[in-house]
Every structure is written in structure tokens, then in C-alpha cells.
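Step one of this worksheet: look at the structure below.
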Amino acid sequence: MKKRHEQTQRLISFWIASLTMVTLALLLSAWTASFSHANRSQDLAVSALARVVDIQYERGVPLEQMVVWLPDMLKSYRARDFVLLRGGEPVYQWQSENGVEKRPAVTYQRTLRSNNIMQITLYRPQLLPGFGFEEWVLIALGIIASLVVVVAGTLWLNKEMAGVEVLAYRARKINRGEVDAAGLPLKGERPLSVGRAMIKLHRMWKREREAKLELDRRIRANTFLDSELGLGNAMFFESRLQAQTHGDMMEGQGMVCLIQFSGLDGLPANSRLPVLRQFVDLCEPLLAEHSDGVFARRHWLELALLIPMLPLKEAEALAARLQRITTRLDLPKGADDEQLVHLGLAYYNQGDRPDQVMEEAEMALRAAQLQGHSNWFMYDKGAVDRELAQGTVRWRSLIENALSRRALATFFQPVKGRDGELLCYEMFSRMRDAQGQLVRAALYRPMARRCGLTPRIERVLMELGLQQMRNSNSPMPFSVNIAAESLLHPRFGKSVSMLLANYQGRRGQLILELNERELVQHANALAPVLQELKRIGVQLSVDGVGHTVERTDYIDRFGIDWIKLHPSLVRQLPLRPENQLFITSLIQAANLSKVQVLAEGVEEESEWIALKGLGVNGGQGNYFGEARPYQGTEET
């Protein structure tokens, strides 16, 4: 841990300086007192000499006898000179035989009772030269003892203050947003009471945070989830179907399947609900490979399934497998096993209207019911996308050929902030086939995933994006959609590290965008990969937020920088109070982190006004600008 001092070093320095000043003040006071005492003693000695001379005069001792013992006494006083005056005239003078030394001296004058005046000049007291060996030993011992006390006190104070620095380091981590540091005490923290208080507050915060996240999840769940089966409700299915449209027309191809348990009609809820739960559990592994599929409950006995970009043959095979699952159900007494389940399928194409698709699915369901026994039915529309119906082998050849030619065209769509400022770009791609025609990503990306080529495509797209940003000298961040299977590929991480080593200064521009459902499903496996990406400076984004109801604790766990609301939450937002409640709950759950909440699929001004009112940080969609081919993107 790199030690950074805040106040403690200054406190220690101040303590040492204060101690030094106090010591010097005491020494100066002692020296001054000693000097004053020596001067006072000298003055008293002069007065005593004057009294002796007075006594001699009073006894009538002649001057000739006094001068016999007076010089010896003056020598004992270390006097420089002595004068005895009578009537202003000197009657006796004495001067030291050692001569006049260049030392400060003071002359004392006393008027005797005999009216004589005595003047004596003495050298000022000198303390240090007057010390003997014993005094110097005592002084040395005192200095050594003082130094020992100062050093010991400094070491002790440093040790105690080091604990404060450790506590301050922990506080700095919390201030940087690492809230979990509050619950992880560091060795040597002082004062202990503060560290324990931080741990206690962190536990309280964590409990409240978990309770709030659970409350937010429940709000979202009650808005879009069926509480009995854990699937989406009718409102959820409708919004997801609308998300597959553009301009009230379906985008791409896919399947809508209505599943009605006619054989359970008339049974009490506690009898039919276990059957529905069995069916949902048995369908889970079957639908796991369709990560973008939507499974919901429309009515008490009717389920709905939406799977985009599903070839017609696979749709028929899936319907047959769903029909076979119903034969494995444990039915309650009174259930009609002959007419237990009917499935109605509608295969939609690009340009179909969503109400038309649902009408065809309901017609197919009625047709299946008219046949009597449990079965499935789908009208043959004869308008299946020929390219989507191509075999996997042909698609693999087509995609590998495009990768070898680097025949991927990039498009950039702007993401704007609340005030219209440019936040970043999202990069999209299309593939050029052998004839030079552009194949949309919604068509070739699902087929690439089936062929296991997704990691190679996403690695190439990352490199193309970094090259284009460097060539245009653009500082703007851009996001690349990346699948969980790519991040979990054993060689993908090494290839990305080598790629980023060639773009040292542009790592911070790269935003890797993951799907929320995939991130939640593979959170533990993705954790080390995402932590390493964050360590080297790559930003992380999560899209499709709200497509399913998930806990948002992954935001803090992985340090997510951006989350993007699913377009189904944005469509006709002013007219959908349930979507507004859902978005408000998401924003509240993300409030304690630094994540930017963006909205995808913004098409109209009314949607953007409503989103800003809910607190969204930015938006993306045709309202802000369509995805355009790379032309040295302009920062506006």
C-alpha cells in the first residue's frame, strides 16, 4: 500500500517541534534564572563586603590594618579593581594582579555608614565556563534522557498515527466509490472504534441496499412478471413484441406461438397451476439456446412464445418438441388428456404488422382446437426468407469468406446526452457477400452464433473500430456488442489483449457491450474476464436492460459504466405508465453507482421528453440520428 500522509505527519512534526520549543524554553528559563541568581548573589556579596568594611570602621580599625586582609578578600571575589573614597578622594585603591580581562564587568557602588564610598568592579558571572565535570555529566545525562523520551515518543506516535493513515487509506477507497472497502478492515487501523463503526455502518447500508434492490426488483416483477409462474405477463409479451417492430412493421423473421391448456379448463387453480409449472420447467432447457426469446403467460391457461430470427424449419421442429413435452406431464384428476394442449403458430416476415401476426397466431390456435385432439397448427404463408432458410454449412462458408476478405462494413450511431451533447457511438456492422451485397447483422449474426464464428467476428469488429478511431484521431468512445460466449472462449481473451497492446492510448475509448440476460446467467464465469478488462481501462456497457426482470447488483460487482434500457420500455412511453414505473425503479436501483443510464430505440420527441423526466442520462435511436457508414465520425 502506497502510504499517503494527510494530517498525521504534520501532527507528528508539530508534536516534535512543540516538544523542542518547550525544552528550549525550559533551558532558557533555567539559564536566565541561574544567571539572575548569580547576579543577585554577586550583589549580595558586595553588600556583605560593604558591611564588613563598615564594621571595621566602627571598631576603629585603622585603614592600614584593613588593607592587610582586604586584598585577599577581593581576590576571593575575583574583583577587577576596588576603590575606597572619602570626600570624593580615593583613600585606597586596588587592582587585580591578573590585569584587565576582556570580559563583561559591572561596577557596584556602596555608601558606607562612615560616609565613605566603596566602588568595586566585578566580572559578570559565567555559567558554562563555571561548570565542573560533575555538572557536565549531569547535563549530558539530562540531554540523553530527553532524547530517549523524544525518540520513544516519536516512534510510539508514528505507530499510532500509522493506524490513522491506514484508516484514512480505507476512507479514500470509499470516497473513490469502492463502498465494499467499508466492510473490509485493514490491519493496524487506529482508532479501532472508528473502524468498527465503519463496518457496522457498512453492514447496515448493505442490508438496506439489498432490501432496496429487492424492492425495486419486486416493483419491476409486479409490473411485468406473472407471480405464479415467474414468466412475463401479457403486458410484458406485448411490449416485447412491439420491440421487434420499426415503424409499426416487424423487423426480420421469427415465430409467435400461443400455447393453450384447454384440457385444464374447469379445474381449480391449485390443480392446474402445478401442470403449468411442470411445462415451464420442461421447456427451460429447450428454450435456453434462444437467448433472445420471450416466454410469457397471456391468460390463466394460455402461454405465449416469441422467438425472433428463427428459420421456418426450426420453428416447425420446435412446435413438435413442445407438443411432445406435454405427454410427459403429470395430470391431475379431471384433466382432459386428449385435448390437453393446443399450439397455434404464426411465422412473421419483415414488413408484417404485429396485430396481424397475433391475429394469425390466434387463428392458428383456433384451427388446432377445431381438430379436436392435442396438436399444433401453422398457416403456410409461403414467404419464408430464402437466405435465412439456407443451411448452416453454406452460412459458415459465406461468413468465413467474408472474414478472410475483412468484408465487414461498419456503421456508427450517436448516443446523445440530456442536453444534446455527444456521449459515445455504438458500432453496428453488415457483411458483404461474394456479390458485394450488404447482409444485415440481424440476419448473419444469429447464423454466425450457430456456426461458432461469433468470437472471430467480434474480434475483427473491435480492431476495425480502433483503427477507424485512430485514423480519424477521434477521442470519442464507441461500443461494440460482444457475446458472453466470446468472452468465455479460451483464446479470445489473449487475442483481445494482443489487440489492445497495439492501441495503448485508445483502450479507454473501447466500450464492450454485453446483454443483461447473458451477463446475469454467466456472472461467475465472466467475473475474472470482466475484472481484467476493467483493470486495463476498457469500459463496460450492458444492453437489453429490462428485457427480463433481473437484479441489478452486477452494476457494482463489475463496475459497469453504462446500462441501456431495452427499446420495448421506450416505445410509446408517455402512454405506458407501467413502463414509466419500471424505468423509475431501474434508475433508483442505479442511483448509488456512477453508471450512466441510457435509453435505446428512441424514435419520437415525446418519448425523449418522458425519458428525461424520469432521469435518464442519455438516449440512442433514430430521433438522434441513424447509424451511418464510417466517415471520420464528427463530434458534435
Which heavy atom in R297 sits nearest to a heavy atom in L276, and how many Å separate them?
-> NH2-CD1, 3.8 Å
CG (L322) and CG (L345) are apart, to the nearest 0.5 Å, by 8.0 Å
Of L540, I511, L512, L598, which meets side-chain contact (heavy atoms from CB on, under 4.5 Å) against S479?
-> I511
Should I307 and L305 count as side-chain neighbours, where that means a heavy-atom distance under 4.5 Å?
-> yes
Is any NZ, NE, NH1 or NH2 atom of the basic residue among R535 and E532 found under 4.0 Å from an Asp or Glu carboxylate oxygen of the other?
-> yes
Please round to the nearest 0.5 Å and tell me the distance separating atom CD of E362 and atom CD of E302.
-> 7.0 Å
Any salt bridge between D561 and K594, counting N to O under 4.0 Å?
-> no
Kindly indicate, with the supporting measurements, whether the criterion side chain to side chain contact (heavy atoms under 4.5 Å, CB included) is fulfilled by R459 and L499.
-> CA-CA 9 Å; R459 165 62 168 77; L499 171 64; 3.9 Å; yes
Straight-line distance of L258 CG to H299 NE2, nearest 0.5 Å = 8.5 Å
Is the closest basic N to carboxylate O distance between E238 and R571 below 4.0 Å?
-> no
Donor-acceptor contact below 3.5 Å, side chain D419 vs main chain E421 = no
Main-chain N/O of L466 paired to Q509 side chain as donor or acceptor, under 3.5 Å = no
CD1/I563 to CG/D543 distance, rounded to the nearest 0.5 angstrom?
-> 11.0 Å
R445 bridged to E458 by N-O distance under 4.0 Å | yes
Can you find a heavy atom in the side chain of L422 that is under 4.5 Å from one in the side chain of K416?
-> yes
Would you say V294 and L241 make side-chain contact, with heavy atoms under 4.5 Å?
-> no
For residues E463 and Y503, report the shortest heavy-atom separation together with the two atoms involved.
-> O-OH, 4.2 Å
Tell me, do C283 and F295 make a side-chain contact under 4.5 Å, heavy atoms counted?
-> yes
Stepwise, does the side chain to side chain donor-acceptor pair (under 3.5 Å) test hold for Y348 with Q356?
-> CA-CA 9 Å; Y348 62 85; Q356 175 189 349; over 6 Å; no
E426/K564 ion pair, N-O < 4.0 Å = yes
Side chains of L514 and L487: does their closest heavy-atom pair fall under 4.5 Å?
-> yes
Evaluate side chain to side chain contact (heavy atoms under 4.5 Å, CB included) for N349 paired with M250, printing each intermediate quantity in order.
-> CA-CA 7 Å; N349 295 291; M250 302 299 293; over 6 Å; no
Minimum heavy-atom distance between Q253 and Y347, given as atom pair plus value = CB-OH, 3.6 Å
Under 3.5 Å donor-acceptor, S585 side chain and L581 backbone = no
Is there side-chain contact between F261 and L303, with at least one heavy-atom pair below 4.5 Å?
-> yes
Does the side chain of E604 reach to within under 4.5 Å of the side chain of Y623, using non-hydrogen atoms?
-> no
Heavy-atom neighbours of R432 CZ exceed 12 at 6.0 Å | no
For residues A315 and L310, report the shortest heavy-atom separation together with the two atoms involved.
-> CA-CD2, 3.6 Å
Check: S472 side chain, Q468 main-chain N or O, donor-acceptor pair, under 3.5 Å | yes
Can you list the steps and then say if F279 with I259 is a side chain to side chain contact (heavy atoms under 4.5 Å, CB included)?
-> CA-CA 11 Å; F279 182 77; I259 308 167; 4.0 Å; yes
Return the minimal non-hydrogen interatomic distance between A409 and L438, and the atom names on each side.
-> CB-CD2, 4.0 Å
In short, Q413 meets G625 closest at the heavy-atom pair NE2-O, 3.1 Å
Value for CD (E228) from CG (N233), rounded to nearest 0.5 Å, stands at 12.0 Å
For residues N515 and V542, determine if any side-chain heavy atom of one lies less than 4.5 Å from a side-chain heavy atom of the other.
-> no
Residues R449, E485: salt bridge by 4.0 Å N-O rule | yes
About how many Å separate CG of L573 and CD of E603, when rounded to the nearest 0.5 Å?
-> 13.0 Å
Do R470 and Q467 have side-chain N/O donor and acceptor atoms under 3.5 Å apart?
-> no
Does atom CD of E626 have more than 12 heavy-atom neighbours from other groups under 6.0 Å away?
-> no
Is the CZ atom of R406 crowded by more than 12 outside heavy atoms at less than 6.0 Å?
-> yes
Side chain to side chain contact (heavy atoms under 4.5 Å, CB included) between L586 and V597: does it pass, once the steps are laid out?
-> CA-CA 9 Å; L586 274 173; V597 181; over 6 Å; no
Do the ring centers of F428 and F412 come within less than 6.0 Å of each other?
-> no
Ignoring hydrogens and angles, state whether a donor on the side chain of S474 or Y425 is under 3.5 Å from an acceptor on the partner side chain.
-> no
